[in-house]
Amino acid sequence: MSRIRAAYYDPDGTKYGIPTFWWRGAPPGYATRRQLRAAGLCPGGQPIAAQILWRGVGGTRTAYLYRVDLARPKRTATPAQLRAVRAALTARRTCPTCRVVRPYCIPRSLGECVDCAYPMEEAA
């Protein structure tokens, strides 16, 4: 075991307070939030079970781990929630000046679509 890995290896949690492992050194049964989400799970209110520490840009980086056996299935959006999100996204793409739904979000700095903000000059 290298010196750097040994500095971050604390499976009992005596040094860091919770079990700590090095990068890619966690035992099976632990997962990050992203790994749980990819598996269709969420932490479900459980406390952080362990952590991974590694040296990165700007100092020591941390990734928190949760127990997979305590994870719950992630919630799915209801049809009403999906409709509300769809309506909100459509509102962001609708120009208040010309009322045209654009294929891009209307820039807040302009307050209207690019065509309304910068009308083309007619060529003579």
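Positions are given from 1 along the sequence.
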ask   = Hey, are the side chains of Cys95 and Cys116 touching, using non-hydrogen atoms and a 4.5 Å cut-off?
value = yes

message = Considering only residues two or more places apart or on different chains, which pairs with a residue in residues 97-113 satisfy salt bridge (Lys or Arg N to Asp or Glu O under 4.0 Å)?
response =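 Applying salt bridge (Lys or Arg N to Asp or Glu O under 4.0 Å) to every pair that reaches into residues 97-113, excluding sequence neighbours, yields Arg102-Asp115.
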
ask   = Please, which pairs that meet side-chain hydrogen bond (donor to acceptor under 3.5 Å, both in side chains) have at least one residue in residues 42-52, sequence neighbours excluded?
value =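 Those involving residues 42-52 are Thr20-Gln51.
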
ask   = Does the pair Ile18 and Ile48 meet the rule for a side-chain contact (heavy atoms from CB on, under 4.5 Å), with working shown?
value = CA-CA 8 Å; Ile18 60 174; Ile48 296 168; 4.0 Å; yes

At their closest point, which heavy atom of [X] faces which heavy atom of [Y], and how far apart are they?
X	Y	result
Tyr66	Pro43	CD2-CB, 3.9 Å
Pro96	Gly111	CG-O, 3.2 Å
Leu36	Cys42	CD1-C, 4.2 Å

Listed once per pair and sorted, the ring-ring contact (aromatic ring centres under 6.0 Å, His included) pairs that draw on residues 36-56, sequence neighbours left out =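 Listed by first then second residue: Trp23-Trp54.
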
request  = Check side chain to side chain donor-acceptor pair (under 3.5 Å) between Thr60 and all other residues, then give those that pass, not counting sequence neighbours.
outcome  =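 Thr60: side chain to side chain donor-acceptor pair (under 3.5 Å) contacts with Tyr8.
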
key: Qualifying residues under side chain to side chain donor-acceptor pair (under 3.5 Å), relative to Thr14, sequence neighbours excluded   = Asp10

inquiry  = If hydrophobic clusters are built by linking Ile, Leu, Val, Met, Phe, Trp and Tyr wherever their side-chain heavy atoms come under 4.5 Å apart, do Phe21 and Tyr16 end up in the same one?
reply    =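 They do share one cluster, since a chain of ILVMFWY contacts under 4.5 Å joins Phe21 to Tyr16.
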
ask   = Applying the 4.5 Å side-chain criterion to the ILVMFWY set and letting contacts propagate, would Val114 and Ile106 be lumped into a single cluster?
value =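 Yes; tracing contacts between hydrophobic side chains, which count when under 4.5 Å, links both residues.
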
ask   = How many angstroms lie between atom OH of Tyr104 and atom CZ of Arg93, to the nearest 0.5 angstrom?
value = 11.0 Å

ask   = What's the spacing between Arg92 CZ and Cys105 SG if we round to 0.5 Å?
value = 4.0 Å

task = Only counting residues at least two apart or in another chain, list the ones meeting salt bridge (charged side-chain N to carboxylate O under 4.0 Å, His left out) with Asp69.
result = Arg67

Verdict with reasoning, Thr90 to Thr94, per side-chain contact (heavy atoms from CB on, under 4.5 Å) = CA-CA 6 Å; Thr90 302; Thr94 304; 4.1 Å; yes

ask   = What's the verdict on side-chain contact (heavy atoms from CB on, under 4.5 Å) for Leu65 and Thr32, showing C-alpha distance, side-chain angles and the deciding distance?
value = CA-CA 5 Å; Leu65 301 173; Thr32 62; 3.6 Å; yes

task = Take Tyr64 and Ile52 through the side-chain contact (heavy atoms from CB on, under 4.5 Å) test and state the conclusion after the steps.
result = CA-CA 6 Å; Tyr64 297 118; Ile52 295 175; over 6 Å; no

